[in-house]
Number of protein chains: 2
Amino acid sequence: MNTEEERQAGLAMEGDEDLAGPPTKQELDLNQFLPYRLNSLADRISQALAELYEERYQLNIAQWRILAWLSHCDELTAKKICAYTYMDKARVSRAIQGLEERGLISRTPAPEDQRQQDLHLTAAGRKLLTKLIPEAQAWEAELVATLTAGEYRDLLNVMRKLERQLERIGEKG
Amino acid sequence: MNTEEERQAGLAMEGDEDLAGPPTKQELDLNQFLPYRLNSLADRISQALAELYEERYQLNIAQWRILAWLSHCDELTAKKICAYTYMDKARVSRAIQGLEERGLISRTPAPEDQRQQDLHLTAAGRKLLTKLIPEAQAWEAELVATLTAGEYRDLLNVMRKLERQLERIGEKG
DNA sequence: GCTAGTTAATTTCCTGTGCAACTAATTTTG
DNA sequence: CAAAATTAGTTGCACAGGAAATTAACTAGC
């Protein structure tokens, strides 16, 4: 009922006029502005997917990311997770806390350095991922269903380029 | 000093082995998982750019988006902004409040419907954008500097596809 | 071996934002 | 035309998350 209007409003304006090239006047078409478009799209994807693990598994995004990394690496510390995911360490700390309380991961002080703690999936955590991961992959598959294999590959490549460039910019500015 | 380690940690693991195709085992490589990669990239871009207008113009993202839309459309209501940007109406409401207090926009009750209010840039708002927009565009230009024209165009096309698919998924699930 | 500095992780404080309840204006229905 | 339903925008509340202070474990310098 309420979706109708918003649906078409989404990208309705800005039909086709001045298709390419950034405007030079003192106006900015956000729909042609990559940072905005990218963020808007990513937010919507992230939020839609978040419902999958929020509603059905009571996991927030940070927790889900940590679980996914653990499924992949099997031994991590909070520090490493911060570095890999670019998440704030406070956020990571709280996510870990929640996961441990629910018995999905275990943490034991690292033998070589008592400050850090080794993180591991528990049996329960592994079991949960056994259900969750295929669902997430199915959801992704549906999302990219309209892309050709080439488009998908190119997309990842371009994203990698942007990531690298982002670091280059960060070094200077 | 501190960047060194994190820099290379970013995508260091997962070098080249099993380059393509999603894994079928019970593990998930987040670096191959589009929703994660996209969100991570978009977040970093957004946050980096946010500093541009936070530090130098005291604008948060919501405010900046509204200004940009106003530079483009010149007459809007909060409702429309919500529809265009997918932002929550409370967020939009507060952003508008801040912009008005700073004299960057004006709002007048719409003659045909007293509930809604027409939003306009003030002279001050327009002046601020005169400085800000070129900076934002320059920043974007630097970000995409390593992309070819074709890659840039394809990227936007693929994003449009994803947006449309996202709506299709949303209708069902 | 003790002091100063560093580092991993936690905690505190505070801001921004989503949700839901609300207000006020408008439209619809009977 | 009055009552009910809808709609634009605001506000209260709770919570997530970032910055900075804090704690605890380690390292370096003397």
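Residue numbers begin at 1 in each chain, while the letters A, B, ... track the order of the sequences. The basis for the numbers below is simple: all heavy atoms, side chains too, and nothing from hydrogens, waters or symmetry mates.
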So B:Tyr53 and B:Trp64, would you call those rings parallel, tilted or perpendicular, with 30° and 60° as cut-offs? parallel
Between atom CD in A:Gln114 and atom C1' in D:dA25, what is the gap in whole Å? 8 Å
Could you run down the sub-3.5 Å N/O contacts of the protein with nucleotides 5-7 of chain C?
| unit_1 | atom_1 | unit_2 | atom_2 | d |
| --- | --- | --- | --- | --- |
| C:dT7 | O4' | A:Arg115 | NH1 | 3.4 |
| C:dT7 | O2 | A:Arg115 | NH1 | 2.5 |

Let me know the distance between CD1 of A:Ile61 and C1' of D:dA16, rounded to the nearest Å. 11 Å
For B:Leu59 and C:dT15, give me the distance from atom CG to atom C1', rounded to whole Å. 16 Å
So, OP1 or OP2 of C:dA24: does either fall under 4.0 Å of a side-chain N or O from B:Gln116? no
Extract all donor-acceptor atom pairs below 3.5 Å that involve side chains of residues 121-130 of chain A and protein atoms in other chains or at least two apart in sequence.
| unit_1 | atom_1 | unit_2 | atom_2 | d |
| --- | --- | --- | --- | --- |
| A:Thr122 | OG1 | A:Gly103 | O | 2.6 |
| A:Thr122 | OG1 | A:Leu104 | O | 3.1 |
| A:Thr122 | OG1 | A:Ala124 | N | 3.4 |
| A:Thr122 | OG1 | A:Gly125 | N | 3.1 |
| A:Arg126 | NH2 | A:Leu121 | O | 3.3 |
| A:Thr130 | OG1 | A:Arg126 | O | 2.8 |

Would you jot down, in residue-number order, the residues of residues 96-110 of chain B having a non-hydrogen atom under 4.0 Å from DNA chain C? none
Return the 5'-most residue of the pair B:Met87, A:Ala78 with respect to DNA chain C, ranking by each residue's nearest nucleotide. A:Ala78
Using a strict threshold of under 4.0 Å (side-chain N to carboxylate O), is an ion pair present between B:Glu142 and A:Arg168? no
Residues in ring-ring contact (aromatic ring centres under 6.0 Å, His included) contact with B:Tyr57, at least two apart in sequence or another chain: none
OP1 or OP2 of D:dT10 under 4.0 Å from side-chain N/O of B:Ser93: yes
Test item: A:Glu140 side-chain N/O and B:Leu34 main-chain N/O as donor-acceptor pair under 3.5 Å: yes
I need the full list of salt bridge (charged side-chain N to carboxylate O under 4.0 Å, His left out) pairs touching residues 104-118 of chain A, with sequence neighbours left out, sorted by first then second residue. A:Glu100-A:Arg107, A:Asp113-A:Arg115
On DNA chain D, does the nearest nucleotide to A:Asp113 precede the nearest nucleotide to A:Ala62 from the 5' side, or the other way round? Give the residue. A:Ala62
Is there a donor N/O on one and an acceptor N/O on the other, under 3.5 Å, for the side chain of B:Arg91 and the base of D:dG9? no
Return the CZ to CG distance between B:Arg94 and B:Asp88, rounded to the nearest 0.5 Å. 8.0 Å
Distance in angstrom units between B:Ile66 CD1 and C:dG16 C1', rounded: 14 Å
Rounded to whole angstrom units, what separation is found between the CZ atom of A:Arg65 and the C1' atom of D:dG17? 13 Å
Donor + acceptor pair across side chains of A:Gln47, A:Arg44 (<3.5 Å): no
Regarding D:dG9, can its base be found pairing with the side chain of B:Arg94 as donor and acceptor, where the two atoms are less than 3.5 Å apart? no
Considering every strand and a 4.0 Å limit on heavy-atom distances, what is the contact class for A:Ala90: base, sugar-phosphate, or nothing? base
Would you kindly give the NZ-to-C1' distance between A:Lys89 and C:dT11, to the nearest whole Å? 11 Å
Can you check whether B:Tyr36's main-chain N or O pairs, donor with acceptor, with B:Ser40's side chain at less than 3.5 Å? no
Which pairs with one or both residues in residues 48-68 of chain B pass salt bridge (charged side-chain N to carboxylate O under 4.0 Å, His left out), sequence neighbours excluded? B:Arg56-B:Glu135
Rounded to whole Å, CG of B:Asp88 lies from P of D:dA8 at a distance of 14 Å
Protein-nucleotide distance (B:Gln47, atom CD; D:dG17, atom C1'), rounded to Å: 11 Å
